[in-house]
Amino acid sequence: MATSSPRGAFMQGVRDALPFTLVVSPFALLFGVVATEAGLNVLEALSFSVVVIAGASQFAALQLLTENAPTAIVLASALAVNLRMAMYSASLTPHLGEAPLWQRALVAYFLVDQTYALGAVKYERDRMSLSEKLAYFWGTVAPICPLWYIMTVVGALVGTAIPAGVPLDFAVPITFLALIAPMLRTLAHVVAAGVSVALALGLAFLPYNLGLILAALAAMTAGAQTEVWVERQKARAQ
């Protein structure tokens, strides 16, 4: 159902994002714990979350830093994990590209998996003005991103006081399954996901997460080529 005002769009965004807090909280808490175990203090852990604001990338970078990996490898791995953000940005440009530069810069900063997934579905489904689209986006940000900072600090403060048997790491796979599964709407999406999973597992033996970098590049290539093939088949059918 389309929203009737920016305020209504904002509140709808808040409501749609609330379920994700159930996985964002333990995800961020876990990062705070892991960060302190790796030697970071509370301020450093919080700064990590504020500057990067990308959970999977943060975990990958932190793991490599604890293994004394070369800085270039750490940066390359973090970028590889976050390459999907470039595709997210391209996907939302037709909807938010006419916003002022300062607003687009803020959207780019707060563009995380959850805010993108909610926005992409909403914008395709409902007819909304630019102001309503922006309001909806900020509504999805409100429950998620501040909570990421807060729970990072909580995790860093608690640190090793959390018993080792508490399975906080369940939030990582659940978050990505909840995000990815509804978005596998085309053959290109399915091919890209399949290639990334197969290669990430098959190349897991490579050091410094190099397998993940190769899997990401191969998955994007496979998805793009599949999209080209599908378009050619459609053109021939016409």
Side-chain angles (χ1 to χ4, degrees), residues 1-25 27-28 31-32 43 45-61 75 78-153 175-176 178-180 182-183 185-186 189 192 216 220 223-224 227:
M1 181 176 63
T3 52
S4 58
S5 68
R7 177 181 174 81
F10 179 87
M11 295 308 300
Q12 183 63 55
V14 172
R15 289 191 293 270
D16 290 347
L18 282 175
F20 283 110
T21 61
L22 298 177
V23 288
V24 168
S25 295
F27 199 176
F31 175 76
L43 180 59
L46 174 60
S47 299
F48 208 145
S49 281
V50 170
V51 172
V52 181
I53 193 170
S57 221
Q58 290 177 219
F59 277 100
L75 294 176
L79 287 173
V81 172
N82 264 12
L83 278 175
R84 67 190 186 282
M85 298 300 173
M87 294 183 284
Y88 291 175
S89 178
S91 174
L92 293 186
T93 295
H95 301 286
L96 305 179
E98 295 182 1
L101 178 60
W102 69 270
Q103 290 187 342
R104 283 183 280 131
L106 286 174
V107 168
Y109 172 74
F110 287 111
L111 187 61
V112 296
D113 295 296
Q114 295 85 355
T115 58
Y116 166 74
L118 292 170
V121 172
K122 181 71 171 178
Y123 301 157
E124 291 181 8
R125 185 181 61 198
D126 296 341
R127 181 176 297 179
M128 306 171 70
S129 66
L130 176 60
S131 61
E132 289 171 340
K133 289 178 178 179
L134 286 168
Y136 180 82
F137 182 84
W138 298 127
T140 64
V141 168
I144 292 173
C145 296
L147 185 63
W148 179 258
Y149 307 142
I150 293 169
M151 295 308 294
T152 295
V153 172
T175 296
F176 284 96
L179 291 168
I180 293 172
M183 300 179 71
R185 299 190 300 270
T186 69
H189 292 150
M220 287 188 293
E227 188 70 30

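No hydrogens, no waters, no symmetry mates; every other heavy atom, side chains included, goes into these values. Along the sequence shown, residues carry numbers from 1.
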**Fill in**
Those residues at least two apart in sequence (or on a different chain) that pass ring-ring contact (aromatic ring centres under 6.0 Å, His included) with Phe137 are none
**Request:** Sequence neighbours left out, what passes ring-ring contact (aromatic ring centres under 6.0 Å, His included) with Tyr123? Give chain and number order.
**Result:** His95
Heavy-atom side-chain contact between [X] and [Y] under 4.5 Å:
{"X": "Val24", "Y": "Met151", "answer": "no"}
{"X": "Ile144", "Y": "Phe110", "answer": "no"}
{"X": "Asp113", "Y": "Tyr88", "answer": "yes"}
{"X": "Asn82", "Y": "Leu79", "answer": "no"}

**Prompt:** Taking everything shown except Arg15 itself, do over 12 heavy atoms lie less than 6.0 Å from its CZ?
**Reply:** yes
**Prompt:** Can you check whether Phe59 and Phe31 have ring centres sitting under 6.0 Å from each other?
**Reply:** yes
Rounded at 0.5 Å granularity, tell me how far [atom1] in [X] sits from [atom2] in [Y].
{"X": "Leu96", "Y": "Gln103", "atom1": "CG", "atom2": "CD", "answer": "9.5 Å"}
{"X": "Thr21", "Y": "Gln114", "atom1": "OG1", "atom2": "CD", "answer": "10.5 Å"}
{"X": "Glu132", "Y": "Gln12", "atom1": "CD", "atom2": "CD", "answer": "12.0 Å"}
{"X": "Ile53", "Y": "Phe48", "atom1": "CD1", "atom2": "CZ", "answer": "13.0 Å"}
{"X": "Phe27", "Y": "Leu147", "atom1": "CZ", "atom2": "CG", "answer": "12.5 Å"}

**Request:** Check whether the side chains of Ser49 and Gln58 place a donor and an acceptor atom closer than 3.5 Å, and report yes or no.
**Result:** yes
**Message:** With no hydrogens and no angle check, just 3.5 Å: does a side-chain donor-acceptor pair link Asp16 and Tyr136?
**Reply:** yes
Examine distances only and state if a side-chain atom of [X] and a backbone atom of [Y] form a donor-acceptor pair shorter than 3.5 Å.
{"X": "Ser25", "Y": "Leu22", "result": "no"}
{"X": "Ser89", "Y": "Met85", "result": "no"}
{"X": "Ser57", "Y": "Ala78", "result": "yes"}

**Partners passing side chain to side chain donor-acceptor pair (under 3.5 Å) against Ser131 (at least two apart in sequence or in another chain)** = Ser129
**Message:** Among residues at least two apart in sequence or on other chains, which ones pass side chain to side chain donor-acceptor pair (under 3.5 Å) with Ser91?
**Reply:** Tyr116
Search all heavy atoms of [X] against all heavy atoms of [Y] and return the closest pair with its distance.
{"X": "Ala192", "Y": "Gly223", "result": "CB-CA, 4.1 Å"}
{"X": "Lys122", "Y": "Met128", "result": "CG-SD, 3.7 Å"}
{"X": "Pro146", "Y": "Val141", "result": "CD-O, 3.4 Å"}
{"X": "Leu18", "Y": "Pro143", "result": "CD2-CB, 4.0 Å"}

**Asked** Among all residues two or more places apart in sequence or in another chain, which pass the side-chain contact (heavy atoms from CB on, under 4.5 Å) test with Leu101?
**Response** Arg104
**Message:** If the condition is side-chain contact (heavy atoms from CB on, under 4.5 Å), which residues does Leu46 pass it with, not counting sequence neighbours?
**Reply:** Val50, Tyr149, Val153
